[in-house]
Every structure is written in structure tokens, then in C-alpha cells.
2 protein chains.
Amino acid sequence: MKLPKETKSGHGKWYGDACGTAFAMEVIGERWALLIVRELMFGALRFSDLRAGMPGISAKVLTERLAGLEAAGVLIRRKLAPPAAGQVYELTAWGYAAETAIMEMGRWAAMSCAHDPTLPLSPASLMMSFRTMFDPALADGLEADLGFVVAGQAFRATVRTDSLKIRRTPAEGAQAILHAPAAPLVAAHVYGDVPLAELAAVRVEGDATVLARFVASVKLPPKIG
Amino acid sequence: MKLPKETKSGHGKWYGDACGTAFAMEVIGERWALLIVRELMFGALRFSDLRAGMPGISAKVLTERLAGLEAAGVLIRRKLAPPAAGQVYELTAWGYAAETAIMEMGRWAAMSCAHDPTLPLSPASLMMSFRTMFDPALADGLEADLGFVVAGQAFRATVRTDSLKIRRTPAEGAQAILHAPAAPLVAAHVYGDVPLAELAAVRVEGDATVLARFVASVKLPPKIG
DNA sequence: CAGAATCCCATTCGATACTG
DNA sequence: CAGTATCGAATGGGATTCTG
């Protein structure tokens, strides 16, 4: 007697367990699946943009995962309006609701000594780390409208006294805009305390003081493992 | 050219990504790994106890996962004091720190319509769901010391005005003790609103009123997917 | 460029049998 | 009870090719 195969792909096939954690792992536990959700967390992306954020994933696997996540209700595929050809992948409301879980996993991982923060990092990962590590107590009342242009991807961060919102939106008009060719450089400054002066490729446009206050409000947790 | 294999087992071999979420998935994203952590969350267990909580896992895979999780620093194997033979597996401080992430994943999964809460459930899963779904606002100031004996496993829950602690400890002396032969029966009462009177196999010992107040303070989130 | 289809090998899994 | 050893089957995933 074999266990039921059920949907044959995507979910419901592994654990047969009512535990929510088990169900979550069936949906987002396959290799790459959670990273796809991470990449989409700040807004819809096209196939090739997704690949760019996940070096190492193959077209086949990305196609399979996108189909699985769509079947599970995590994301939908949406056709772009006529002028722009092609389509984008966008999280559903439930997909966006995974953000808390993703952040808690990231926070947990950051507590391990084995976690290597010097590896490559996608722009979306960097932004997600800001959301995770933002501490209103450190922000000390900061309210700001910041832009980040990292590896060609633009994000807009809105800092309020007790919240931080980030979305994929052009940075024009922000109080301060940080331009960097790659995310690890920004991480070296924010988390590794490397002064901006030592990072020739990173440029700040606008109010550097506001940006510095933001950087001071983002901090990694202590290591416990 | 191939990607680096690195540790050959356990972690660091998949994504090569500084993103904490990616690292977390390398540690606990393998099949069954997170469920092992879940089972251990309330205290150390032996090999066979772990198998009992995860119907479907084979001895081989359990052995492999335990070795991987030990190598990653999530758990340690500890020899029992002489009177009791054998050894147990116990989470490290970092392993216990995964609880928040596990709960957030469970909360997220519970928001999906596709989540089937009628599947089998281990006692540890049930307790974890209590921790996840406990709402101090619904508890309305309840302070209590409760026992749960489910499928032969005993847990002790301490309810405070704004917290709920649970650990694997004999239930003797609690204000109320709920005895049930299997976890799904308890879930049917707590989350499915099936009256205790209809569950002949479930028995309450002690102050049923206190238990009822606890049950009223545990609630599933609304469905959004 | 987006993504489906095919091929093929490495890994992984589950079942069973076996051992201290 | 607590694993280990072995083996056949299933799956996974990279490379390549093909299509709109």
C-alpha cells in the first residue's frame, strides 16, 4: 500500500500532516521556492528578472517552481498591458502574507555563526533584510523617504516612527538615494560597518544624514549558535 | 564547471546566497528536517519517539536528518543518565530559537483554504498550534496551569496574562488535565468547535471551566488564500 | 526573450533485511 | 530499541534544443 500521490506536483504529497508547518513546507519547502517568493515580495517580476536574483537556478526548475507556486495559490501570472510584451509573476494576498515567516527565518539564520553574510546577495534580499532588521527603537523617531538603486533595481523605502515599508518603485524625489552596483557592497556598509568613503562604487544622492540615521536603525541580531 | 559542493551534507551546498532565508532553508529545508525540530521543541526525545510523531519517515532518512541537523548546530545528541539506557536528541539554544519561525510558517499555512486540518496530527504539533494561536486578548486575564496527555505524551501548559509556555512534563497537579488518545480529537474540539460531550474518548480531569477558558483563547486566523 | 520539451545522470527515497 | 546496509525505483536538476 502506497501513500496517496494526490496532486502529483506542488503540495499535499509529502507529509500528510495537519500541522501548519508541514503544509507550509510542502508549499514553499522545495528547493528555490522560498527564494522565488522572496524575490517577488516587493512587487511583480518577469521570468528573467527572477533568474537574475537567483544565480544558479535553471530555466527548467524556475518554470516548475512557478507552476507549483501558482497551483498552490502563492502567486499568479499576469499579462502586461499591450505596450510592454510578456508577463509578470505576482504574489497573491496569501503569498504576500508569507513575509512574516520569511523574515523570521532570516532572523533565525542570522543568529548562527555558520551564516556567511559575505556571499552574494540579491537586491531583494538586501531589502528584505532591512525590513527584518529594522528596529524602531534605534530609529529614534526617524521619518524619511529613501531610495535605493541596487544593481539597476530601484526600491523606495518609507520610514515611519514604528514601521518600514519598501516597494519596487523608482527612487526619484526621495530625500536620499543610495546608488550601488551590487547588494553586498551596501550590506558591507550597513551590517559590516564599512564607511561609505571606502566604497568608491557606492554613491549617495541627497541628504546623507537621513540615510545615516536609517543605517543606524538596522542591526543584525546577536549570535547564539 | 559545477557549483561548489562544500560540506557535502547538511548545509551550504545549495544556494550560495548570503540571504538569511536561503541559509535557513539550507539547514531546515530538507524534507522532514523542520518537522524534527517541531517534535523536539518542547523537550528532548528518543529516536523512536521521533518516528512516532512523523508517520511516513523512514529510519534511514531520520538518521540522515538528525546527523545533518547536528552538524548544523540545531540539535545535539545526549546520553541519558545510567538508569535509563540510550540517548536523546535535544535542540540547542539556536534550535529552540527557531520556534518563532516555525510558528509564523504555521500561521501562514493556516490562512490557506488548501490547508486540511483534518489530517493526522502529532501531539507536538497540537501543542505548537496552541502556542501559535494563543491570543492574550481572548484569554482575558486567564492565569492557569494545565495538563495535556495526548497519545500517551504529557505536556504542561502555563498560561499567564500575556504568555503561554508549554513543555514536556508530567501533568500531575495541574488545575485541569485533558486526556485524549489522539491529537486530532483535541483539535476537533479546540478548532472545530466539537463539544467535549461528543468526544467520548476525551476526558477532562479537574477544573473544566479553566480548560474551557483556555480553549476560548486559542483561535485560527481568517483564511485569505 | 520567455518558457516548454527532451535527454540523461546524480541524488534521494522507501522498503527490507540485518546488527549490537 | 536504535540504528546500519543494501538495492531498486523515483525524482531532481543541468544542459540542450525547440517554439512563439
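All figures in this text were calculated on a predicted structure; none of them were measured in a lab. Sequence lines set the chain letters: A, B, ... in the order given, protein chains first and strands last, and positions in each chain run from 1.
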Given [options], which nucleotide is nearest the side-chain atoms of [X]?
X	options	answer
Lys60(A)	dG14(C), dG14(D), dA2(D)	dG14(D)
Glu64(B)	dC13(C), dA2(C), dA2(D)	dC13(C)
Ser48(B)	dC1(D), dT4(D), dG13(D)	dC1(D)
Arg46(B)	dG3(D), dA4(C), dA2(D)	dA2(D)

Quickly work out the [X] [atom1] to [N] [atom2] distance and round it to whole Å.
X	N	atom1	atom2	result
Tyr15(B)	dG13(D)	OH	C1'	13 Å
Ile36(A)	dG13(D)	CD1	P	11 Å
Asp49(A)	dC1(C)	CG	P	11 Å
Glu30(A)	dC13(C)	CD	P	13 Å
Leu62(A)	dC1(C)	CG	P	15 Å
Phe47(B)	dC1(D)	CZ	C1'	10 Å
Ile57(B)	dG14(C)	CD1	C1'	11 Å
Arg51(A)	dG13(D)	CZ	P	14 Å

Would [X] and [Y] count as having a side-chain donor-acceptor pair, cut-off 3.5 Å?
X	Y	value
Ser122(B)	Ser125(B)	yes
Thr100(A)	Arg107(B)	no
Arg78(B)	Gln87(B)	no

Do Asp49(B) and Arg168(B) sit within salt-bridge range, that is, some charged N less than 4.0 Å from a carboxylate O?
-> no
For [N], does OP1 or OP2 lie under 4.0 Å from any side-chain N or O of [X]?
X	N	answer
Arg31(A)	dG13(D)	yes
Gln87(B)	dG3(D)	yes
Arg65(A)	dG12(D)	no

Ring center gap for Phe23(A) and Tyr15(A) short of 6.0 angstrom = no
Val61(A) or Tyr89(B): which one's nearest nucleotide on DNA chain D is closer to the 5' end?
-> Tyr89(B)
